A.B. asks: 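Just dropping this structure here.
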4 protein chains.
Amino acid sequence: MRKLLDAAMVVFARRGYHAARVDDIVKVARTSHGTFYLYFSNKEDLLRALVSEAGEVVAALDSGLGPVSGDREGWKELRQWMGQFSDAWQRYAPVLRAWTDLVMSDPELSAQAHAAAGGVASTLAARVAAAGPPPGIDPNAAAEAVVAMVDRFHQLRQFAREPVDDVALDTLTTMVHRGLFSSARG
Amino acid sequence: MRKLLDAAMVVFARRGYHAARVDDIVKVARTSHGTFYLYFSNKEDLLRALVSEAGEVVAALDSGLGPVSGDREGWKELRQWMGQFSDAWQRYAPVLRAWTDLVMSDPELSAQAHAAAGGVASTLAARVAAAGPPPGIDPNAAAEAVVAMVDRFHQLRQFAREPVDDVALDTLTTMVHRGLFSSARG
Amino acid sequence: MRKLLDAAMVVFARRGYHAARVDDIVKVARTSHGTFYLYFSNKEDLLRALVSEAGEVVAALDSGLGPVSGDREGWKELRQWMGQFSDAWQRYAPVLRAWTDLVMSDPELSAQAHAAAGGVASTLAARVAAAGPPPGIDPNAAAEAVVAMVDRFHQLRQFAREPVDDVALDTLTTMVHRGLFSSARG
Amino acid sequence: MRKLLDAAMVVFARRGYHAARVDDIVKVARTSHGTFYLYFSNKEDLLRALVSEAGEVVAALDSGLGPVSGDREGWKELRQWMGQFSDAWQRYAPVLRAWTDLVMSDPELSAQAHAAAGGVASTLAARVAAAGPPPGIDPNAAAEAVVAMVDRFHQLRQFAREPVDDVALDTLTTMVHRGLFSSARG
DNA sequence: CATGAATGAGTGTTCATTCAT
DNA sequence: AATGAATGAACACTCATTCAT
């Protein structure tokens, strides 16, 4: 079962959800079709298991972000969280990709992922709200935007086969920190 | 041909690229399978045509953004551009969705979209650079991040069937403006 | 479509419903899988079409039986009907066989056949009732029994690969005529 | 092994032979797949064992029918035999059903059942012959027809989920008795 | 004797694509 | 140019059977 999940990650990474044939997964896992259907009721079910797993990791991220102040300390806090997010994303990149391939047709899957992402977003929103957001900033929309940005930024870099390096993470962090947390102005 | 493109938009919106059968498109367009293959060599080709069309609209956006100053005027400039972006996105949402469904398996498609998005990003990067970016900000990465954010933010709202209202656009604008353009600090 | 129906008859005759692969039918009909699913939504649907066809033939039998008197004329009437029944049965033997293979799992199919057989049975019951049935005879049960007998008799002969000859039909006719219609006794 | 046979009866009754998965039988019997194949070499073999068992019961029926006279006594003899037949049928209904599902594809099974039924039929034929059959009646065909009738009549009632009550059995008995045994006429 | 996890051949069904009219 | 009936490769999924423990 672990073997199948890992194999699925590999195959989803290579070909995406739709192009991934059960046959491929089974071959990589060095098992048989029968075994596949012993553990998962269908291909979708396998993805759901993977999303579930990724969801736990993502959910863990919301405890990884402490209060964010407007000064250098706050920046560091945010930067460290950004690093965690980036690591988690990269680890589960194939799952996210497969998830993207399927969301539209499977509402349940959508809900599952929404719940996971929701936790992170609400923690982030709370931090924004606590820091006393600049005028014109809606904490919830802002939090959603940050998650959106980081997620899609990674995706784009992946498409382009370019790494997400420190320069990139620093830039994202600075943008968010200045944009949402450093209320003091000259 | 126009009928087919429009029909494809409708069907892609409803079911995404993979679930969209040529049969559906043809039925909505009130033509025949034969006609479809008269104008497009295959389903992928149709999507490419659509992406091409969307690409032109997106490309037009890069001329829509003038210099952005750190003051209220700059904010307005950015806000207006954000509105244009949002409109364009919503208009071509089905195409973007279909595009997402397919990028991984079609490098050519990826390149096509990259070119379109690239124009916008580089204009944006130029504006950031021109404004004298805050320390720690890499203009190119920042521009990429902004596009990523706005794109995915719209996508998330669409999944959740929630509109992208003024509050949201104001928040995005403020975040970007404060984050990237208002260099002066207290 | 006609070709497919005919081919299905051939294959059902050879292997029964379950062992008949769509592939076989398609091969005999010299068409493709695609064509099969163009005309029938699935294997079961094909059988339903065949049952429907057989049903019409069977339904026509109920008009083939006039009043049955207790004398030689009545015997002849019954005998002629028995011949018709036998012919119809033999013509649609493969369908009946396939039907048998599937009834248990498909209630709709059961209903469809029930309706067809019901018509014949009720006509027969009416004839029995009109002739003034012997004591102890329930016309409806008797009619049902006659249909049951003739049907299964043919099936058994078919299993045994023995023909249903005139001796057999005469015997069945006499048995039914004496049993249900010749009320006068010495 | 007993447990498996009983379980098979239950499952065959519910779903017929083809739809009955070994898994179901094993689950009902509360044993394992391994155990199943310890006692039976395959699913078909299990059915053969069941048919064999049913065959013995059916074979016993042929000794249950004494000479049948043309009068009331003969009727009673026949009626009592009919009752026995009905009981036996109902007891082994699932086996018969499964048997029907498979006969066509398994000649050996056909032979096995033929032997069992043959004994009953020949006894019946002997009784008919002994009673001095009416003109036009072939004892062997008649005997076959009676078995066919009773068998299929029960099957039909089972499909329709209607019981085989005394009215039905009386009707069958009367029909057979008048049809085959009461030679005297007015 | 008993187990049940693992197997993989077999099959129904879908759908993009073609081509004779 | 337009049609739509026909095609068949591709794929998910089932289930009887085996065998190491």
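These numbers come from a predicted model, not from an experiment. Below, chains carry the letters A, B, ... as their sequence lines are ordered, and counting in each starts from 1.
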A.B. asks: Within the structure shown, what part of the strands sits under 4.0 Å from B:F40 by heavy-atom distance: base, sugar-phosphate, or nothing?
C.D. replies: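 Touches nothing.
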A.B. asks: Look at all strands and tell whether D:A20 reaches a base, only sugar-phosphate, or nothing, counting heavy atoms closer than 4.0 Å.
C.D. replies: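 If one applies the 4.0 Å heavy-atom cut-off, D:A20 turns out to touch the sugar-phosphate alone, with no base involved.
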A.B. asks: Atom NZ of B:K43 to atom C1' of E:dT18: distance rounded to whole Å?
C.D. replies: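 Those two atoms, NZ and C1', are 17 Å apart.
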A.B. asks: State whether B:Y39 places a side-chain N or O below 4.0 Å from either non-bridging phosphate oxygen (OP1 or OP2) of F:dA1.
C.D. replies: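 No.
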A.B. asks: Report yes if the side chains of D:Q155 and D:T100 come closer than 4.5 Å at any heavy-atom pair, otherwise no.
C.D. replies: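 D:Q155 reaches D:T100 side chain to side chain.
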A.B. asks: Take the protein atom CG of A:L4 and the nucleotide atom P of E:dA5, then report the distance between them rounded to whole Å.
C.D. replies: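 Those two atoms, CG and P, are 14 Å apart.
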A.B. asks: When you match D:S41 and A:S41 each to their closest nucleotide on DNA chain F, which lands nearer the 5' end?
C.D. replies: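 Nearest-nucleotide comparison on DNA chain F picks A:S41.
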A.B. asks: Can you see whether D:H18 engages C:D101 through a side-chain donor-acceptor pair at a distance of less than 3.5 angstrom?
C.D. replies: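 Side-chain D/A pair, D:H18 to C:D101: absent.
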A.B. asks: How long is the span from the CE atom in C:M9 to the CZ atom in C:R91, to the nearest 0.5 Å?
C.D. replies: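 Answer rounded to 0.5 Å: 7.5 Å.
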A.B. asks: Starting from C1' on E:dG12, measure out to CG on C:D45 and report it in whole angstrom.
C.D. replies: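 Atom CG in C:D45 sits about 14 Å away from atom C1' in E:dG12.
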A.B. asks: To the nearest Å, how far apart are B:I25 CD1 and F:dG4 P?
C.D. replies: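 Result: 17 Å.
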A.B. asks: Does any N or O donor sit under 3.5 Å from an N or O acceptor when you compare the side chain of B:H33 with the base of E:dT18?
C.D. replies: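 No pair found.
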A.B. asks: For the residue pair A:Y39 and A:D45, what are the closest heavy atoms and their distance?
C.D. replies: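 Closest pair (atom of A:Y39, atom of A:D45, distance): O-OD2, 4.3 Å.
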A.B. asks: Which nucleotide, F:dC11, E:dG12, E:dA2, lies nearest any side-chain atom of A:R21?
C.D. replies: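 Ranking F:dC11, E:dG12, E:dA2 by closest atom to the A:R21 side chain puts F:dC11 first.
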A.B. asks: How does DNA chain E look in dot-bracket notation if pairs are Watson-Crick or G-U with both distances under 3.5 Å, crossing ones as [ ], other-strand ones as |?
C.D. replies: .||||||||||||||||||||
A.B. asks: Once you round it to whole Å, what is the distance between C1' of F:dT14 and NE2 of D:H18?
C.D. replies: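 To the nearest whole Å, that distance equals 14 Å.
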A.B. asks: Quick one: B:R30 CZ to F:dA2 C1', roughly how many Å, whole number?
C.D. replies: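 It is 16 Å, rounded to the nearest whole Å.
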A.B. asks: Tell me whether the side-chain N/O atoms of A:T35 come closer than 4.0 Å to OP1 or OP2 in E:dT7.
C.D. replies: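 So the side chain of A:T35 is within the cut-off, an N or O lying under 4.0 Å from OP1 or OP2 of E:dT7.
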A.B. asks: Does OP1 or OP2 of F:dT18 have a side-chain N or O of D:Y37 closer than 4.0 Å?
C.D. replies: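 The answer is no; no side-chain N or O of D:Y37 sits under 4.0 Å from OP1 or OP2.
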A.B. asks: Please report the shortest heavy-atom distance between D:L46 and D:I25, naming the atom on each side.
C.D. replies: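 Scanning both residues completely, I find the closest heavy atoms to be CD2-CD1, 3.9 Å.
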A.B. asks: Roughly, in whole Å, what's the span from CZ in C:F36 to P in F:dG8?
C.D. replies: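 It is 16 Å, rounded to the nearest whole Å.
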A.B. asks: Looking only at heavy atoms, which two atoms of D:Y17 and D:K43 are closest? And how far apart?
C.D. replies: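 Of all heavy-atom pairs spanning D:Y17 and D:K43, the closest is O-NZ, 3.0 Å.
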A.B. asks: Counting side-chain heavy atoms from CB outward, which of E:dT17, F:dT3, E:dG12 is closest to C:V22?
C.D. replies: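 The closest nucleotide is E:dG12.
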A.B. asks: Using atom P in both nucleotides, what's the gap between F:dT21 and E:dC1 to the nearest angstrom?
C.D. replies: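 Rounded to whole Å, the distance is 23 Å.
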A.B. asks: Want to settle it: does B:G34 or A:E44 sit nearer the 5' end of DNA chain F, counting the closest nucleotide to each?
C.D. replies: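 It is B:G34 whose nearest nucleotide is closer to the 5' end.
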A.B. asks: Decide, yes or no, whether a salt bridge links D:R21 with D:D24 under the criterion of side-chain N to carboxylate O below 4.0 Å.
C.D. replies: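 Yes, D:R21 and D:D24 are salt-bridged.
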A.B. asks: Give the rounded distance in Å between these two atoms: CG of C:L38 and C1' of E:dT18.
C.D. replies: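 The answer, rounded to whole Å, is 14 Å.
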A.B. asks: For a quick test of reading the model: is some side-chain N or O of A:S32 closer than 4.0 Å to OP1 or OP2 of E:dG8?
C.D. replies: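 The answer is no; no side-chain N or O of A:S32 sits under 4.0 Å from OP1 or OP2.
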A.B. asks: Go through D:L47 and D:F12 one step at a time and tell me if the side chain to side chain contact (heavy atoms under 4.5 Å, CB included) criterion holds.
C.D. replies: CA-CA 9 Å; D:L47 178 55; D:F12 285 164; 3.9 Å; yes
